[in-house]
Amino acid sequence: NVSGGALSGGVINIPANGVFNWSGGTLVGSFNVPASAMLNLSGADKALASGSTISSAGNTTWTGAGRITVQGGSVFNNTGSFVAQNDALFFYDSTAGAQPVFNNNGSFTKTNSIGNTDFNATYGGMAFNNNGSVNVQSGNLTLGGGGTFAGGPLTIAAGSLLDFYAGVFSFNGNRTLTGPGTNLVNGATVTFNNVTNTLAGAVTFEFDAGVVAGTNTFSGAGTVNWNGGTLVGSCTLPATVPLNLSGADKALASGSTISS
């Protein structure tokens, strides 16, 4: 149990079937949680120190309003299950070092709250790299630090958002976007690198601000709304995916193509 102060132990391995409760204080070093163990994040504000790493293959649950401050070069690796049951944020405090990174190679779920679980954009934010699954069951998952999406399904419930609001994102590999919620580009730069996004479950892909670039093909059935921002590259939509143009001024960049 870590509730205050600093825990600095080099490399700490949580035992099989163990429980690691982190409700406050600062972690310094490397912390490994095996598949049979649990990591509970709760309580007050807490911090992951510069260059420190949490690698969890077990079940991680995040509750409470306390933010997690991530310092330069810190990394959270999730290869298990990460469930955010709160409206809180990862906050980069601008300390020296590489941009903090959250690597999701398991499942990331937002549930049990109606506000935002936020990868805050301040000072460039914490990058969110995804090669697993993302499931927004309630509220919104808001991403402001950029990242790379290498595949894996994105599932958004009715009334919820997966909001790319700042930073630079690259989408590599094909994926399924399942609704009936909304995938929203709302200020970020999102580049699709010759990918196909299959729409399902009455999902909406909405572009309100920022830049959508690259080569993107939609398939399946859903809706694309273009309300603002700049489209650079090519976007192809089948007859089953209507394109709705509305809202603010928008731009189709030189040499760019929409095929609908």
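Reckoned from all heavy atoms, side chains included, excluding hydrogens, waters and symmetry mates.
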[Y] and [X] aromatic ring geometry - parallel, tilted or perpendicular at 30°/60° bounds:
{"X": "Y92", "Y": "Y123", "result": "perpendicular"}
{"X": "F149", "Y": "F171", "result": "parallel"}
{"X": "F119", "Y": "F108", "result": "tilted"}

Output every pair passing side chain to side chain donor-acceptor pair (under 3.5 Å) with a member in [range], not counting sequence neighbours, ordered by first then second residue.
{"range": "residues 139-149", "answer": "N116-N140, D118-T142"}
{"range": "residues 20-30", "answer": "N1-N21, N21-N40"}
{"range": "residues 150-163", "answer": "none"}

Would you compute the distance between atom [atom1] of [X] and atom [atom2] of [Y] and round it to the nearest 0.5 angstrom?
{"X": "T178", "Y": "I156", "atom1": "OG1", "atom2": "CD1", "result": "9.0 Å"}
{"X": "F20", "Y": "T60", "atom1": "CZ", "atom2": "OG1", "result": "10.5 Å"}
{"X": "S94", "Y": "Q99", "atom1": "OG", "atom2": "CD", "result": "12.5 Å"}
{"X": "T95", "Y": "D93", "atom1": "OG1", "atom2": "CG", "result": "4.0 Å"}
{"X": "N104", "Y": "N130", "atom1": "CG", "atom2": "CG", "result": "5.0 Å"}
{"X": "F164", "Y": "L141", "atom1": "CZ", "atom2": "CG", "result": "8.0 Å"}

Of all the heavy-atom pairs spanning [X] and [Y], show the shortest one and how long it is.
{"X": "F205", "Y": "L177", "result": "CD1-CD1, 4.3 Å"}
{"X": "N17", "Y": "S36", "result": "N-OG, 3.1 Å"}
{"X": "N174", "Y": "T196", "result": "OD1-N, 2.7 Å"}
{"X": "G179", "Y": "V203", "result": "N-CB, 3.3 Å"}
{"X": "A65", "Y": "A88", "result": "O-CB, 3.9 Å"}
{"X": "N193", "Y": "S170", "result": "ND2-CB, 4.0 Å"}

Which pairs, with at least one residue in residues 67-87 and sequence neighbours excluded, count as a salt bridge (Lys or Arg N to Asp or Glu O under 4.0 Å)?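 For residues 67-87: D87-K110.
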Would you say [X] and [Y] make side-chain contact, with heavy atoms under 4.5 Å?
{"X": "L143", "Y": "L162", "answer": "yes"}
{"X": "V11", "Y": "N32", "answer": "yes"}
{"X": "V70", "Y": "I68", "answer": "yes"}
{"X": "I12", "Y": "L7", "answer": "yes"}

Is there any ring pair (Phe, Tyr, Trp, His ring centres under 6.0 Å) pair reaching into residues 229-260, and which pairs are they, with sequence neighbours excluded?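 Found none.
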Working note: F90 + F128, criterion side chain to side chain contact (heavy atoms under 4.5 Å, CB included); need CA distance, chi angles, decisive distance, verdict. CA-CA 11 Å; F90 283 95; F128 185 93; over 6 Å; no
If you group Ile, Leu, Val, Met, Phe, Trp and Tyr by side-chain heavy-atom gaps below 4.5 Å, do [X] and [Y] land in one group?
{"X": "V185", "Y": "I258", "answer": "yes"}
{"X": "V134", "Y": "F192", "answer": "yes"}
{"X": "V33", "Y": "V2", "answer": "yes"}
{"X": "V224", "Y": "W226", "answer": "yes"}
{"X": "F207", "Y": "L252", "answer": "yes"}

Tell me if a side-chain donor or acceptor on [X] pairs with a main-chain N or O of [Y] at a distance below 3.5 Å.
{"X": "T111", "Y": "S138", "result": "no"}
{"X": "T230", "Y": "V211", "result": "no"}
{"X": "D208", "Y": "N186", "result": "no"}

Audit row: T198, S219, side chain to side chain donor-acceptor pair (under 3.5 Å) steps and yes/no: CA-CA 5 Å; T198 300; S219 66; 2.9 Å; yes
Under 3.5 Å donor-acceptor pairs involving side-chain atoms of residues 231-249, not counting sequence neighbours:
unit_1 : atom_1 : unit_2 : atom_2 : d
T240   : OG1    : G220   : O      : 2.4
N244   : ND2    : N225   : OD1    : 2.9
S246   : OG     : N227   : OD1    : 2.6

Start with the C-alpha gap between M126 and F76, add the side-chain angles, then the distance that decides, and say whether side chain to side chain contact (heavy atoms under 4.5 Å, CB included) holds. CA-CA 10 Å; M126 185 183 204; F76 195 115; 4.3 Å; yes
Carefully, step by step, assess N78 and F102 under the rule side chain to side chain contact (heavy atoms under 4.5 Å, CB included). CA-CA 8 Å; N78 174 52; F102 188 104; 4.1 Å; yes
